[in-house]
Every structure is written in structure tokens, then in C-alpha cells.
Chemist: 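I'd like to ask some things about the structure below.
The sequence lines fix the lettering, A, B, ..., with proteins before strands; numbering per chain opens at 1. This one's a predicted model, so the numbers in the text were calculated from it and none came from an experiment.
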Number of protein chains: 2
Amino acid sequence: MDDIDRKIIKILSEDARRSLSDIGNAVGLAPSSVNERIKRLGASGTLRRFTVETDPATMGLPVLAFIWVALRENADEDLFRSFVAESPHVLECHHVTGAWSYLIKIRFAQPADIEPFLAALKAHRFLGRSETILALSSPVLGVFVADGDA
Amino acid sequence: MDDIDRKIIKILSEDARRSLSDIGNAVGLAPSSVNERIKRLGASGTLRRFTVETDPATMGLPVLAFIWVALRENADEDLFRSFVAESPHVLECHHVTGAWSYLIKIRFAQPADIEPFLAALKAHRFLGRSETILALSSPVLGVFVADGDA
DNA sequence: CGTGAAATCGACCGTAG
DNA sequence: CTACGGTCGATTTCACG
């Protein structure tokens with residue numbers, strides 16, 4: 001991880017589809033060298049993945065909710081984790097400290113759609129208690145941006 | 001915006017470097033059709049940009065926390081919003097229903113660094129009450145990554 | 001880390017449903 | 001209006017120096 005790696009990450013953060021040669025003459029390296037660095041950054045876990053930024057509101061899922069979950073005493077925790085990982089509306093799921101077990105961040109088309117999701121959690125015997133919080137607005141909603149010089 | 005568009009977005013969210021033909025036979029369309037849909041999603045603003053997700057832990061900020069905030073009675077709410085928007089460690093901030101006013105998602109180098117952040121909120125007379133929850137692990141983390149404005 | 005060749009991919013066209 | 005198939009240029013990806 002040197003300054004060139006940071007420059008590459010910065011460039012990819014702004015536009016992950018820039019060509020290797022384009023990035024190459026921005027950082028003063030050959031395309032193949034840039035490719036090797038990107039692969040190394042991916043292997044080391046510094047670059048988690050290539051993804052897209054979307055506007056969820058226009059995707060038909062304007063309702064953002066946070067659901068606190070306390071698992072049942074004998075719930076299959078691994079099964080719970082794979083269930084939420086495969087639920088398409090679940091944006092994030094965190095194992096947290098405090099009175100609750102998990103915090104789930106999730107999107108819905110309308111508030112009423114939360115009910116079947118909770119019903120599914122109950123049906124799988126995961127749910128002990130839960131509490132749902134709706135986001136009214138989001139002054140800050142963003143990705144982590146790596147810093148480095150341009 | 002139909003189910004095929006959502007599928008494409010889901011696939012790109014998980015790996016934005018899947019080839020058009022690969023996406024094509026995942027959704028049952030020709031590569032060129034997938035290309036047209038992606039371009040249309042970009043033009044309509046539904047797809048904001050292609051980017052990379054970095055690992056904050058290797059960037060020196062391994063501690064993920066959620067801070068529930070109840071503002072003081074006479075707090076300047078607009079000032080609070082700009083304060084959190086300009087705080088570099090704040091990943092997200094949501095105005096929420098329920099007992100609390102706001103939910104802040106934030107990263108730190110170490111747990112001890114949370115204290116000066118809370119102190120700053122107090123110093124600006126924003127803070128009524130607050131409660132901090134640490135994330136121990138995150139089975140699901142940011143499938144639909146969205147940015148405020150870009 | 002740079003160079004080269006080969007394979008692959010993405011962009012654009014006309015055409016059809 | 002959207003999907004399709006073919007073609008061409010660009011890009012990625014190797015092996016090697």
C-alpha cells in the first residue's frame with residue numbers, strides 16, 4: 001500500500017470503469033502493472049468489491065427502516081445470517097452490543113411490506129422480540145470514501 | 001423499471017464487473033439488451049455510478065458504531081445536519097421515528113475515539129441524550145450502496 | 001515493472017417483433 | 001419501443017524479458 005495504490009483506489013472510487021491504460025497514465029504506470037496492483041488490492045481485502053451506487057427511491061423502494069432483532073433462545077444463528085444475507089431487501093445486518101442481537105437495515109416499497117418480512121422471521125423461528133424504526137429522511141447517506149491526493 | 005432492471009442492479013451491486021453476456025443469461029436477455037438497460041438506468045439516475053467498496057478496517061477505521069441521538073429541545077437542527085454531514089467519520093445519518101431523533105452510522109480507529117465525537121456534539125449544544133451501539137460483526141454490509149448526491 | 005500477442009469484452013449498427 | 005445478432009475497436013489478460 002503506497003501512494004500509487006491510494007491514487008488507484010481514489011480513481012476507481014470515482015469511476016470503477018476507467019480503463020487500465022487510462023489509470024496507467026494517470027499514475028505513471030503500464031496498464032499491466034495497474035492490473036497487478038488492483039488484483040493485489042483485491043486479494044489483500046483492501047478492495048472489497050466492484051459495485052454500483054444506486055438511487056433506491058427510484059427503484060421503487062423508498063421506505064428505509066431499521067429493525068432491531070433479539071433472537072429466540074434456541075434460534076439457529078447461522079441460518080438466520082444466511083436468511084438475511086439472501087433477503088433481497090436487506091441492505092445491511094450487524095451483530096451489535098447492547099440489549100438487541102442484530103440491527104438490520106432494510107428497504108421496502110411501502111411500510112405495509114415490513115409485516116410479511118417480520119412474519120417470515122417468525123416463521124423461521126428466529127424472532128424473539130423486534131422493534132422497527134422508520135427513517136424519515138437521511139441528511140447523510142453514503143459510502144466510505146478513501147482519501148488520497150488526486 | 002421492472003423486475004429485470006432490479007435483477008440487473010442486484011447483480012451489479014454484488015459484482016459490477018460481470019460481463020454483459022453473463023448478466024444476460026442470468027436474466028434471460030441478450031447482452032446488447034442488458035447494455036441498453038444499463039445505459040438507460042444510468043441516464044435516468046437510478047444507477048449513479050460504478051465504484052469500488054474499500055475495506056475501512058485496512059484504511060485504519062475498524063470500529064463501526066451506531067449512535068442514537070435525541071436532540072436538545074432548542075437545538076439548531078439544520079446546524080446539526082450540516083455538522084454530521086461534514087464529519088468525515090460519519091457514514092450515514094437518518095432522521096427516524098421512535099424514541100430517538102437521529103441514527104448515526106460512524107467509523108472510528110478505536111472505541112476511545114467515540115468520546116471526543118460525543119463531546120463535540122455536546123459542545124455544539126446538539127445533544128440531549130445518546131446511546132452508542134458497537135457492531136461486533138456484519139453478516140450483510142451494504143448491498144445497495146448509495147451516495148447523497150454525486 | 002514493461003512489452004507483446006491472443007482472447008475476451010463492450011459499443012454500435014441495422015433489423016425484427 | 002424494446003430485443004436481437006453480428007461486426008469492429010478497445011480492453012483485459014497472460015507469458016516472457
Chemist: Taking only side-chain N and O atoms of A:N35, does any of them lie within less than 4.0 angstrom of OP1 or OP2 on D:dT12?
Modeler: no

Chemist: Heavy-atom nearest nucleotide on DNA chain D for A:K39 versus B:G28: which residue maps closer to 5'?
Modeler: B:G28

Chemist: Would you call the rings of A:W100 and A:W68 parallel, tilted or perpendicular, where under 30° means parallel and over 60° means perpendicular?
Modeler: parallel

Chemist: Without decimals, in angstroms, what is the distance between B:L29 CG and D:dT2 C1'?
Modeler: 9 Å

Chemist: Can you check whether A:L91 reaches A:R107 side chain to side chain, under 4.5 Å on heavy atoms?
Modeler: yes

Chemist: Short question: side chain of B:S87, backbone of B:F83 - any donor-acceptor pair under 3.5 Å?
Modeler: yes

Chemist: Describe the nucleic acid contact of A:R37 in one word from base, sugar-phosphate, nothing, applying a heavy-atom distance below 4.0 Å.
Modeler: sugar-phosphate

Chemist: Consider the side chain of B:R40, meaning its heavy atoms from C-beta on, and name the nucleotide among D:dG5, D:dT12, D:dT2 that approaches it most closely.
Modeler: D:dT2

Chemist: Return the value, rounded to whole Å, for the distance between atom CG of A:L20 and atom P of D:dT13.
Modeler: 7 Å

Chemist: Using a 4.0 Å cut-off to any heavy atom of chain A, which nucleotides of DNA chain C are the first and last in contact, reading 5' to 3'?
Modeler: C:dC1 to C:dT3

Chemist: How close or far is atom C1' of D:dC4 from atom CD of B:E36, stated in whole angstroms?
Modeler: 9 Å

Chemist: Between B:R17 (CZ) and D:dT12 (C1'), how many Å, whole number?
Modeler: 10 Å

Chemist: What do the steps show when you test A:R49 against B:D15 for salt bridge (charged side-chain N to carboxylate O under 4.0 Å, His left out), and what is the final call?
Modeler: CA-CA 7 Å; A:R49 66 178 159 189; B:D15 181 4; over 6 Å; no

Chemist: Measure the distance from CD1 on A:I38 to P on D:dT12 and round it to the nearest whole Å.
Modeler: 8 Å

Chemist: Identify whether any heavy atom of B:S19 sits under 4.0 Å from a base atom; if not, whether one sits that close to sugar-phosphate; answer base, sugar-phosphate or nothing.
Modeler: sugar-phosphate

Chemist: Measure the angle between the two terminal helix axes of the helix from C:dC1-D:dG17 to C:dG17-D:dC1, five base pairs each, and quote it to 10°.
Modeler: 40°

Chemist: Under 4.0 Å between a Lys/Arg side-chain N and an Asp/Glu carboxylate O for B:K105 and B:E92?
Modeler: yes

Chemist: Is it true that, when you exclude A:E77 itself, more than 12 heavy atoms of the residues, nucleotides or ligands shown sit nearer than 6.0 Å to its CD?
Modeler: yes

Chemist: Could you pull out all residues at least two apart from B:D3 that satisfy salt bridge (Lys or Arg N to Asp or Glu O under 4.0 Å)?
Modeler: B:R6

Chemist: Quick one: CG on B:L79 to CZ on B:F126, what's the gap to the nearest 0.5 Å?
Modeler: 4.0 Å

Chemist: Could you state the interatomic distance from CG (B:D5) to OG (B:S44), rounded to the nearest 0.5 Å?
Modeler: 8.0 Å

